[in-house]
Chemist: 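If you scroll down you'll find the structure; I have some questions about it.
Computed from heavy atoms alone, side chains included, the values below leave out hydrogens, waters and symmetry copies. Count residues from 1 along the sequence.
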Amino acid sequence: MAKVLFINPVVREEDVPRHVPYGIALLAAIAIEKGHLVQVYDANAWRAGDEVLDTVLAADHWDAIALGGITTAYGSIKKIAQRARQACPNAKIILGGGVLTSLPTEIMTWLPQVDIGCIGEGFITFPEILNSIDLGQEEFNQVRGTISRNAEGSLVMAPQRSLLHDLDSLPYPAWDLFPLEEVYFPNSTALFSEEGMMAERRLDINMSYGCSMICRYCYHLGISGDMRYEVDKNGKPSGVSFDQPGTYNRTIRYHSPEYVVNLVKHMHDKYGVDFVTFLDENLMTMDRTSGGTWLGRICELWHEKGLAPTFEADGSWSGVCWSGTSHATLCNPEILKIMRKAGCVHLVYGYESFAPHVMKTIGKGATPKTNIRSFHWTLAADIRPVPNQIIGFPNEDFASIRMNMDAWKDLGIVVKPHFATPYPGSEWFTVYRNSIERQYGGNLEDFILDLGDATKITAVISHNFNAVELVGLRDMMLNFDYRHLEEYEMIWRDNHGIKEGAPSTLYSEPKLKKAS
């Protein structure tokens, strides 16, 4: 059987490591089930530098070195791949996750050290790759869902891999391979609720894969049925494409409530977990897709398994508190109250904007009214709503900025917005790709290396404001500085030749040929 080394790359260096890499933990468990010898080096957890990485790479004769992650980990992945190839010339380097799936041909070109790329979901593909390595195969174009190099060094894309629909067939993640006691449990706190701040032993899980929305800034990267394979003139796979205007596919998949609650019971009994964060894109999509029974059944089983938290006078609790994501148009007061009784303490809402004309272009289906309604419903259920917002949408203007500030005043909140960022795999990356490349001197890899978690500004997709203006406007928003906002609008109008009273916008609908 293959000796496999998983490496979790460094991500979000500005913060402490908070989240065990769920995908790697699942793939490690699958590999172990298949009989392979597995080790993990969690570079993000240890952050020990290149010298320790080199020691790990030299520690054994690895048959496969597997790494992956989200696009923002690309810089770390690039360094790891280079050092792995130098230290382990005979090992097969395998790359997966969103970073590879979003741009498979480009990433494989930029990283010549990588032998095999796993496109989309890896639950079936990855063990098949390991089996091929075990058999001594040198070419992998028969393994669906891969991109690899043939004997001549040319890239070859295999046919598309179907999604796994029986999610309950997956093993529990191999958490034992990660430094829970040394790194992750000490960083359990989440500053979103009182219980989140007091959490001492938190782990995260995914209950579902998919989302019914078509948010144009969002990237699903092949796990929601949105990925389509392109073919060349010979009918062979040549690339992938994701959401484009007018072409949307969604596949909604979720674990059974029994699987979810049994997994949490296992986490509580084995690791003493007191808090669980659900990493799902949108819990309310799953509840709506199930006919409104999924979350209710999870909450019912939470009580039956003795997981519902019991609180002491000092705020501590026995049992398991939890949090996740919600959606302004899909939640309702009844399910929120049921969730709270089962231990849900905070929910993240992607409100994005409180400006109707901006919200219409996002594709989320929400309105200022539904945003505000969900905020009050969640508070009334004694769950802390955590609003997320974004500035710099294509048609962001002075009116939308004021509408956001006005909504904050009415709700009694302040939200530091993220910047609208066209991540690869999103519709807006497709629409604005040429503009993105121009902003980085024609070098798309520089853009990928520059990407972070949208708290800093990278490529701008706003028609009205440049990067300098967006940074300054966000600061005015946070300080409710209406006076300087009004002064700058006058300067902006003068610079762009837009008279007072006319709409303060240069926005026009982007032109992109619809995919067939």
Chemist: Taking atom types as modelled, find out whether E51 and T55 have a side-chain donor-acceptor pair closer than 3.5 angstrom.
Modeler: no
Chemist: Is it true that Q39 and D60 share a donor-acceptor pair across their side chains at a distance under 3.5 Å?
Modeler: no
Chemist: To the nearest 0.5 Å, what is the distance between CD1 (I7) and CD1 (I80)?
Modeler: 5.5 Å
Chemist: Do T189 and R18 touch side chain to side chain, with heavy atoms closer than 4.5 Å?
Modeler: yes
Chemist: Could you tell me if the side chain of M284 sits less than 4.5 Å from the side chain of L336, heavy atoms only?
Modeler: yes
Chemist: Do the non-hydrogen side-chain atoms of I413 and V415 ever get within less than 4.5 Å of each other?
Modeler: yes
Chemist: If you look at every heavy atom in N404 and A355, which pair is closest and at what distance?
Modeler: OD1-N, 4.4 Å
Chemist: Got a donor-acceptor contact below 3.5 angstrom from the R12 side chain to the A73 backbone?
Modeler: no
Chemist: Is the count of non-hydrogen atoms from other residues, nucleotides or ligands lying under 6.0 Å from R85 atom CZ greater than 12?
Modeler: yes
Chemist: Shortest non-hydrogen contact from W62 to C88?
Modeler: CD1-SG, 4.0 Å
Chemist: Going by atom types only, do T285 and Y254 share a side-chain donor-acceptor pair under 3.5 Å?
Modeler: no
Chemist: Kindly determine whether S462 and F419 satisfy side chain to side chain contact (heavy atoms under 4.5 Å, CB included), including the steps that lead there.
Modeler: CA-CA 10 Å; S462 171; F419 292 108; over 6 Å; no
Chemist: Parallel, tilted or perpendicular: which describes the rings of Y351 and F375, with under 30° parallel and over 60° perpendicular?
Modeler: tilted
Chemist: Sequence neighbours left out, what passes salt bridge (Lys or Arg N to Asp or Glu O under 4.0 Å) with K456? Give chain and number order.
Modeler: D450
Chemist: Which value, rounded to the nearest 0.5 Å, describes the distance between T101 atom OG1 and I147 atom CD1?
Modeler: 10.5 Å
Chemist: Any heavy-atom pair between the side chains of E281 and M213 that's under 4.5 Å?
Modeler: no
Chemist: Does the side chain of K364 come within less than 4.5 Å of H327's, by heavy atoms?
Modeler: yes
Chemist: Kindly give the heavy-atom pair with the smallest separation between I205 and D280, and that separation in Å.
Modeler: O-OD1, 3.9 Å
Chemist: Hey, are R433 and E106 close enough for a salt bridge, meaning a charged N less than 4.0 Å from a carboxylate O?
Modeler: yes
Chemist: Please assess W317 against T310 for the test side chain to side chain contact (heavy atoms under 4.5 Å, CB included), listing each intermediate value before the final yes or no.
Modeler: CA-CA 5 Å; W317 64 90; T310 301; over 6 Å; no
Chemist: Are more than 12 heavy atoms, taken from residues, nucleotides or ligands other than K79, located less than 6.0 Å from that residue's NZ atom?
Modeler: no
Chemist: Taking atom types as modelled, is there a side-chain donor on T378 or Y349 under 3.5 Å from an acceptor on the other?
Modeler: yes
Chemist: Please determine whether the number of non-hydrogen atoms from other residues, nucleotides or ligands lying under 6.0 Å from atom CD of Q86 exceeds 12.
Modeler: no
Chemist: Look only at the side chain of D168 and the backbone of S256, and say whether a donor-acceptor pair between them is shorter than 3.5 Å.
Modeler: yes
Chemist: Does a donor on one side chain and an acceptor on the other come within less than 3.5 Å for E121 and Y209?
Modeler: no
Chemist: List the atom of I129, the atom of C118, and the distance in Å for their closest heavy-atom pair.
Modeler: CD1-CB, 4.5 Å
Chemist: Identify the two heavy atoms, one from H303 and one from K341, that lie closest to each other, and give their separation to 0.1 Å.
Modeler: CE1-O, 3.2 Å
Chemist: Is any side-chain heavy atom of L26 closer than 4.5 Å to a side-chain heavy atom of P173?
Modeler: yes
Chemist: What distance separates W322 CH2 from M339 CE, expressed to the nearest 0.5 Å?
Modeler: 4.0 Å
Chemist: Examine distances only and state if a side-chain atom of S102 and a backbone atom of G98 form a donor-acceptor pair shorter than 3.5 Å.
Modeler: yes
Chemist: How many angstroms lie between NZ in K416 and CG in D475, if you round to the nearest 0.5 Å?
Modeler: 8.5 Å
Chemist: Counting only heavy atoms not in Q82, do more than 12 sit closer than 6.0 Å to its CD atom?
Modeler: yes
Chemist: Just checking, any donor-acceptor pair under 3.5 angstrom between side chains of D204 and H19?
Modeler: yes
Chemist: Determine the minimum heavy-atom distance between R201 and F185, stating which atoms define it.
Modeler: NH2-CE1, 3.2 Å
Chemist: For a side chain to side chain contact (heavy atoms under 4.5 Å, CB included) check, start with the C-alpha distance between I214 and R216, then their side-chain angles and the critical distance, and finish with the verdict.
Modeler: CA-CA 6 Å; I214 63 165; R216 293 179 171 90; 4.0 Å; yes
Chemist: What's the spacing between L170 CG and H255 NE2 if we round to 0.5 Å?
Modeler: 5.5 Å
Chemist: Distance from S76 atom OG to E13 atom CD, nearest 0.5 Å?
Modeler: 7.0 Å
Chemist: So, S400 versus E396: side-chain donor-acceptor pair below 3.5 Å or not?
Modeler: yes
Chemist: Looking at E194 and R384, is there a salt bridge between them, counting it only when a charged N and a carboxylate O are closer than 4.0 Å?
Modeler: yes
Chemist: Tell me every residue that passes side-chain contact (heavy atoms from CB on, under 4.5 Å) with V348, counting only those two or more places apart in sequence or in another chain.
Modeler: T325, V386, N388
Chemist: If you apply the rule side chain to side chain contact (heavy atoms under 4.5 Å, CB included), what do you find for W428 with Y219, and how did you get there?
Modeler: CA-CA 10 Å; W428 275 339; Y219 53 104; over 6 Å; no
Chemist: Would you say H346's side chain and P385's backbone share a donor-acceptor pair under 3.5 angstrom?
Modeler: no
Chemist: Counting the benzene-type ring for Trp, do Y184 and Y271 have ring centres under 6.0 Å apart?
Modeler: no
Chemist: Is the closest side-chain heavy-atom distance between N371 and M359 below 4.5 Å?
Modeler: yes
Chemist: Between P171 and I30, is there a side-chain heavy-atom distance shorter than 4.5 Å?
Modeler: yes
Chemist: Taking the ring centre of each residue, are Y423 and F447 less than 6.0 Å apart?
Modeler: no
Chemist: Let me know which of L95, L100, V99 forms a side chain to side chain contact (heavy atoms under 4.5 Å, CB included) with L111.
Modeler: L95
Chemist: Tell me whether R253 contacts the main-chain N or O of L164 through its side chain, where contact means a donor paired with an acceptor under 3.5 Å.
Modeler: yes
